[in-house]
Number of protein chains: 2
Amino acid sequence: MVSIKQVAKQAGVSFKTVSRVVNNDPNVREETRARVQEAIAALNYRPNRAARMMRNQQSGVIGFISDEVVTQPYAGDLLIGAQEVASQHDKVLMVVNIENDRIGRQRAIDMLLERRVEALVYASYYHKEVQVPQEMLQVPSVLVNCYAENETLTTFIPDEVQAGYDATRLLLEQGHKRIGHITLNPDIVASVKRLEGYRKALAEAGISYDPQLIVQGESRFDEAGDSASVEKAVAELLKLTHQPTAFVCGKDEFAMQAYFEFSKRGLQVGRDIAVTSFDNQRMIAPGLSPGLTTMALPHFEMGQAAMNSIFNQGDDMVTRLIPFSVIERQSHLLKN
Amino acid sequence: MVSIKQVAKQAGVSFKTVSRVVNNDPNVREETRARVQEAIAALNYRPNRAARMMRNQQSGVIGFISDEVVTQPYAGDLLIGAQEVASQHDKVLMVVNIENDRIGRQRAIDMLLERRVEALVYASYYHKEVQVPQEMLQVPSVLVNCYAENETLTTFIPDEVQAGYDATRLLLEQGHKRIGHITLNPDIVASVKRLEGYRKALAEAGISYDPQLIVQGESRFDEAGDSASVEKAVAELLKLTHQPTAFVCGKDEFAMQAYFEFSKRGLQVGRDIAVTSFDNQRMIAPGLSPGLTTMALPHFEMGQAAMNSIFNQGDDMVTRLIPFSVIERQSHLLKN
DNA sequence: CTGAAAGCGCTTACAG
DNA sequence: CTGAAAGCGCTTACAG
């Protein structure tokens with residue numbers, strides 16, 4: 001790779017002058033600048049960012065610790081949001097994905113700290129609690145889509161309660177009074193918080209809460225995609241004497257399976273039953289018929305917000321709730 | 001951040017001695033080594049990787065240009081595979097995701113080259129042709145899940161023909177003679193090559209090719225997830241006088257929609273109709289009932305292979321086909 | 001407007 | 001076994 005000295009030699013100036021041209025220092029004679037620029041173009045010179053930053057005592061890189069965000073569907077939008085803001089500030093992201101047996105958290109942080117990252121983003125593919133490694137505190141750090149018990153770091157998480165509220169509200173507005181809710185694994189935050197939102201919406205509408213309408217679509221030990229549990233959940237809800245006319249599904253996969261269960265029974269979403277859901281999996285939601293109305297996780301927005309907070313160090317340590325987007329398709333409406 | 005000099009001072013040695021200890025040079029007296037290590041621990045010293053690499057004229061970083069691989073479902077496994085191999089070689093990945101309006105290709109390559117990446121991986125989220133920017137040729141580069149017309153670079157792509165063959169073969173082995181094929185957009189490689197595999201399997205089984213059995217599930221201008229086209233495709237195939245008894249679906253989303261179309265007509269996959277598909281979307285394939293038999297794209301393996309080729313520069317420029325994995329669930333079997 | 005010196009945090013020869 | 005010098009590619013004062 002060609003260095004500043006070679007450019008200087010080619011242009012017949014000192015390497016300091018080349019540095020001036022590269023950095024747009026106005027104190028260079030036009031004629032000199034042109035000559036240097038010519039040499040730069042001729043040699044295809046690119047300033048060595050690392051050398052420059054070493055002198056300035058900053059690396060220009062931000063560490064992004066990905067707890068599977070790049071392998072889970074669309075959670076990668078977290079990264080995109082973060083990258084967008086970082087690149088506006090002329091920083092580059094160094095991504096390390098950690099996963100069970102592969103690269104561990106310790107290794108990831110070591111690699112990043114040896115590179116002198118200016119800040120650290122720790123992002124999880126689903127909303128959960130994490131143990132923050134002590135070393136993260138050595139540089140400005142934020143948590144995205146996850147939180148620490150002791151609240152030591154600025155945190156960005158999705159507003160699950162609001163999402164649960166919205167998903168339920170959409171159905172209430174259509175006049176439904178009996179709304180079934182097929183929940184996620186009860187150990188995860190999303191499950192608990194969304195149920196809270198569901199109850200809040202009911203309460204607000206003056207409808208009393210009926211625990212019979214709440215069934216788990218996912219037990220604590222479920223394999224991903226186990227369709228048997230949704231099958232059972234739907235069966236259970238439909239055999240109630242006072243049947244639900246609408247369903248809030250814990251995720252789009254549940255909704256997909258529920259559509260099948262309805263279909264088996266001759267029931268049709270959009271005609272006999274209304275459905276809302278969570279996640280907006282682009283693989284599923286638009287492809288169902290009718291299209292699935294669902295609450296999209298604010299992955300991109302969380303990534304952006306997290307990175308913005310890094311550049312606005314004035315902010316105190318806070319936990320910020322980022323709203324879901326309500327993606328309205330047809331499944332929450334009934335047409336006769 | 002603490003530097004080698006501060007450690008030296010603390011330990012009462014020259015900074016060169018600290019360097020020796022850090023690099024496990026045997027020529028250090030045990031007692032000295034112990035003293036230095038103590039100082040390192042006390043100050044929580046971490047060698048500055050960038051400084052070290054600058055002296056050695058290598059950055060230790062490999063550029064990963066992601067053409068949406070981190071945002072598309074499971075394509076991120078490409079990154080994971082690449083990262084795994086890179087980290088075995090003590091290299092770290094610098095990921096830049098390029099996307100329409102956000103960061104462009106030129107910008108991405110500039111950022112990476114300014115960081116003096118030792119090699120470049122260009123990965124696409126689906127198998128397609130790309131224009132390789134000239135600048136990529138300045139460093140060792142490989143293409144993953146995409147290819148260049150002029151074959152200037154080592155390339156790793158999925159073996160579409162074999163996958164098409166396998167998907168069809170599974171059905172032929174069950175005795176099916178009439179196999180419908182719902183294809184992807186005919187402009188993409190996967191569509192063409194898989195059809196080639198389909199025909200090869202038929203020919204081998206001595207079954208003549210019937211163009212009536214081939215319908216597009218996706219037109220050239222389709223929106224993602226448009227369910228209308230699969231609805232039409234299935235209808236068209238089922239109204240043939242000599243109906244197909246099995247279907248090869250171009251992707252799992254098609255299969256999901258086809259399941260619904262069958263269900264509407266009282267047909268059941270696994271009893272009346274056999275299905276195979278492509279992609280192994282974990283969001284869909286295991287959740288369908290019966291579970292969908294599908295060809296999984298070798299994302300992880302392609303990432304690994306690409307990175308390995310970077311470290312084995314002996315290899316000549318080649319195009320290597322990476323096999324899909326056949327994920328057998330129940331949908332290709334008929335049980336009476 | 002231009003340049004020579006010093007230094008960022010390291011490692012690579014070379015001395016002792 | 002240990003250290004002083006030089007240098008990687010830059011930028012930051014300071015001279016002229």
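A, B, ... follow the sequence lines: proteins, then strands. Residue 1 opens every chain.
- Counting all heavy atoms, side chain and backbone alike, B/M136 lies closest to B/L153 at CE-CD1, 4.2 Å.
- Per the geometry, CD1 belonging to A/I4 stands 10 Å off P belonging to D/dG9, to the nearest Å.
- For the contact set between residues 24-33 of chain A and DNA chain C, defined by any heavy atom under 4.0 Å, the members are A/N27, A/V28, A/R29, A/T32.
- Counting only residues at least two apart or in different chains, ring-ring contact (aromatic ring centres under 6.0 Å, His included) contacts with residues 105-150 of chain A comprise A/H127-A/Y147.
- The stretch residues 134-149 of chain A participates, sequence neighbours left out, in no salt bridge (charged side-chain N to carboxylate O under 4.0 Å, His left out) pair at all.
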Mind listing the N/O atom pairs, protein and nucleotides 3-5 of chain D, below 3.5 Å?
unit_1	atom_1	unit_2	atom_2	d
D/dG3	OP2	B/S14	N	3.1
D/dG3	OP2	B/S14	OG	3.0
D/dG3	OP2	B/T17	OG1	2.6
D/dG3	N7	B/R20	NH1	3.3
D/dG3	N7	B/R20	NH2	3.4
D/dG3	O6	B/R20	NH2	2.5

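- Between the CD atom of B/E114 and the P atom of D/dT11 there is a distance of 11 Å, rounded to whole Å.
- With sequence neighbours excluded, the residues forming a side-chain hydrogen bond (donor to acceptor under 3.5 Å, both in side chains) with B/D77 are B/R282, listed by chain and number.
- Applying the salt bridge (charged side-chain N to carboxylate O under 4.0 Å, His left out) definition to pairs two or more places apart or across chains, those involving residues 113-124 of chain B are A/R49-B/E114, B/K91-B/E118.
- Residues from residues 41-60 of chain B with heavy atoms under 4.0 angstrom of DNA chain C, sorted by number: B/Y45, B/R46, B/P47, B/N48, B/A51, B/R52, B/M54, B/R55, B/N56.
- Nucleotides C/dG7 and D/dA4, compared at atom P, are 16 Å apart to the nearest Å.
- The side chain of B/S19 contributes an N or O atom lying less than 4.0 Å from OP1 or OP2 of C/dT11.
- Annotation for B/G303 and B/V144: closest pair N-CG1, 4.5 Å, computed over non-hydrogen atoms.
- Listed by chain and number, the residues in a side-chain hydrogen bond (donor to acceptor under 3.5 Å, both in side chains) with B/D67 are B/K128 (sequence neighbours excluded).
- Qualifying ring-ring contact (aromatic ring centres under 6.0 Å, His included) partners for A/F300, counting only residues two or more places apart in sequence or in other chains: none.
- The shortest side-chain heavy-atom distance between B/R52 and B/N48 does not fall under the 4.5 Å cut-off.
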In residues 35-47 of chain B, what donor-acceptor pairs under 3.5 Å come from side-chain atoms, sequence neighbours left out?
unit_1	atom_1	unit_2	atom_2	d
B/R35	NE	B/E31	OE2	3.4
B/R35	NH1	B/A11	O	2.6
B/R46	NH1	A/D110	OD1	2.7

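- One atom, CD of B/Q6, and another, C1' of C/dC10, lie 14 Å apart when rounded to the nearest Å.
- Across all their heavy atoms, A/A108 and A/I98 have their closest contact at CB-CG2, 3.6 Å.
- With sequence neighbours left out, the side-chain hydrogen bond (donor to acceptor under 3.5 Å, both in side chains) criterion links B/K5 to no other residue.
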*Evaluate side chain to side chain contact (heavy atoms under 4.5 Å, CB included) for A/H299 paired with A/N145, printing each intermediate quantity in order.*
CA-CA 8 Å; A/H299 285 133; A/N145 209 23; 4.3 Å; yes
*How would DNA chain D look in dot-bracket form, 5' to 3', counting Watson-Crick and G-U wobble pairs with both distances under 3.5 Å and writing | for bases paired to another strand?*
|||.||||||||.|||
